[in-house]
Amino acid sequence: MTQSPASITLIGVPFEGGAGRGGCAMGPAALRLSGIAETLADLGHTVVDQGDLVLDAASEFESTAAAKELPRVAGMTRVLSEATYAAAAKGTLPVMLGGDHSLSMGSVSGMARYAASVKRPLFVLWLDAHADFNTPTSSPSGNMHGMPVAFFCGLDGFPQILPAERDLVMPKNVFQIGIRSVDTNERDLIGKHGVQVFDMRAIDENGIAAIVRQVLRAVVESDGLLHVSLDVDFLDPEVAPGVGTTVPGGATFREAHLIMEMLHDSGVVASLDIVELNPFLDDRGKSARVMTELTASLFGRRILDRQTQPA
Ligand SMILES: NC(=[NH2+])NCCC[C@H](N)C(=O)O
Ligand SMILES: [Mn+2]
Ligand SMILES: [Mn+2]
């Protein structure tokens, strides 16, 4: 858990095969350069950076217009799902340094397997402008970074990338915050499967704290584990421009930090993806630094001691 000093495993996933444009493969390097390992160690955690995964394509698949770069996405998914499971099973908290968002096909599948092994339900908090709930059948683009949630929830339309008996996440255990771009077919799928979406309007109307409290209550009440998946485009492009799929009207710097601080206090976070950082599009490392700072808040950095705050 993120609370008391944790053992953190950093897993570099230099992968961009799921995105429509190149650059995310440089994400792990930019996150390291922004000092993510040192920042977490300074907060008192034990940090092991296991380096970048070696990724190979799964040659039994073919790339199609409906699922672009499927062989590479499938190969990455297999390797990362094993690595994530292994890091969690040895009692550490895996932090994925991405890489485009298709990597969550692997990380979340690995965590679903781990959660099942300790007989606890897995919840996913998806912080993103996009729902990423397309399937190869529904997707308008064929870019697989728009599909990971549908994949780890077990929707039809995917080839068999992981063993048939793989562990899945229940769509009602997926909470999405910050959503402001959903495709037509994708909207129908969300309604049909009951993914719990708090769009930007919900943040505007209720405030972020009320929403996060509701999510955390659900996790705590069922003694669940929480996987957090943070897409750079969750943030407003003014805050974090280094991403290929910017959508105006995103979360503010403070909203994002408040989420991370509340997540830390909850003690239920078991794993984290940092995804879609595209250093080629960034403004002198600005977005990489923002992602590192948010990660620091998730792992316990705070403005003041609780004790020194007025009650
Ligand atoms: N992880 C992301 N940036 N996803 C963007 C997805 C965009 C669009 N909904 C698609 O499926 O193509
Ligand atoms: Mn995404
Ligand atoms: Mn996105």
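We count ligands from 1, going down the list as the structure has it; atoms in each ligand are counted the same way. When reading the values below, keep in mind they use all heavy atoms of this one structure, side chains included, and skip hydrogens, waters and symmetry mates. These figures come from a predicted structure and were not determined experimentally.
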Fill in: Of all N/O/S atoms in D233, the name of the one nearest the Mn ion (ligand 3)
OD2
Practice prompt. Confirm or rule out an N/O/S atom of H145, from backbone or side chain, lying less than 2.8 Å from the Mn ion (ligand 2).
Written response: no
Item to complete: Measuring from the Mn ion (ligand 2), name the closest N, O or S atom belonging to H101.
Response: ND1
Worksheet entry | Heavy-atom nearest option to atom 2 (C) of ligand 1, drawn from H145, E186, M144, M147 | H145
Worksheet item: Going by the order shown, which atoms of ligand 1 are within less than 4.0 Å of some heavy atom of S141?
Response: 10 (C), 11 (O), 12 (O)
Worksheet item: Near R284 CZ, under 6.0 Å, is it more than 12 heavy atoms from other residues, nucleotides or ligands?
Response: no
Worksheet item: Can you find an N/O atom of D132 closer than 3.5 Å to an N/O atom of ligand 1?
Response: yes
Worksheet item: For E238, does the CD atom sit with more than 12 other heavy atoms under 6.0 Å from it, leaving out its own atoms?
Response: no
Discussion item. Distance alone, cut at 3.5 Å: any donor-acceptor contact between the side chains of D273 and H101?
Written reply: no
Worksheet item: Which part of E276 is near ligand 1, with near meaning a heavy atom under 4.0 Å away: side chain, backbone, both or neither?
Response: side chain
Discussion item. Any donor-acceptor pair under 3.5 Å linking the side-chain atoms of S81 with those of S109?
Written reply: no
Practice prompt. Using atom types as modelled and distance alone, determine if a side-chain donor or acceptor of Q196 lies under 3.5 Å from a backbone N or O of K172.
Written response: yes
Worksheet item: Do R217's NZ or CZ and the ring of F175 fall within the cation-pi criteria of under 6.0 Å and 45°?
Response: no
Item to complete: In plain terms, say whether D236 and R180 are close enough for a salt bridge, that is, a side-chain N and a carboxylate O under 4.0 Å apart.
Response: no
Discussion item. I'd like to know if E261 pairs up with R254 as an ion pair, taking the criterion as any Lys NZ or Arg NE/NH1/NH2 lying under 4.0 Å from an Asp or Glu carboxylate oxygen.
Written reply: yes
Discussion item. Return the closest protein heavy atom for atom 11 (O) of ligand 1 as residue, atom name and distance.
Written reply: N134 ND2, 2.9 Å
Discussion item. Need the ligand 1 atom indices (1-based, order shown) with element for anything under 4.0 Å from a heavy-atom of T245.
Written reply: 3 (N)
Discussion item. Which label fits F133 and H193: parallel for a plane angle under 30°, tilted from 30 to 60°, or perpendicular past 60°?
Written reply: perpendicular
Fill in: Part of V243 with heavy atoms under 4.0 Å of ligand 1, whether side chain, backbone, both or neither
neither
Discussion item. Distance alone, cut at 3.5 Å: any donor-acceptor contact between the side chains of T292 and T39?
Written reply: no
Item to complete: Within a distance under 4.0 Å of any heavy atom of D183, pick out the atoms of ligand 1 and give their elements.
Response: 8 (C), 9 (N), 10 (C), 11 (O)
Response to the item:
At the Mn ion (ligand 3), OD1 of D128 and ND1 of H130 open up to roughly (10° bins) 100°
Worksheet item: Which is it for V275 and ligand 1 at heavy atoms under 4.0 Å: side chain, backbone, both or neither?
Response: neither
Worksheet entry | Those atoms of ligand 1 less than 4.0 Å from some heavy atom in D233 | 3 (N)
Practice prompt. Mark up the atoms of ligand 1 that fall under 4.0 Å of a heavy atom belonging to G146, in ascending order.
Written response: 6 (C), 11 (O)
Discussion item. Does this structure show an ion pair linking D167 with R113, if we count only N-O contacts that are shorter than 4.0 Å?
Written reply: no
Worksheet item: Do R302 and D265 sit within salt-bridge range, that is, some charged N less than 4.0 Å from a carboxylate O?
Response: yes
Worksheet item: For ligand 1, which atoms sit closer than 4.0 Å to a heavy atom of D231?
Response: 1 (N), 2 (C), 3 (N)
Worksheet item: How does H130 reach ligand 1, if at all, at less than 4.0 Å between non-hydrogen atoms: by side chain, backbone, both, or neither?
Response: side chain
Worksheet item: For D231, what is the atom name of its N, O or S atom nearest to the Mn ion (ligand 2)?
Response: OD2
Worksheet item: Considering only N, O or S atoms, which atom of D132 is nearest to the Mn ion (ligand 2)?
Response: OD2
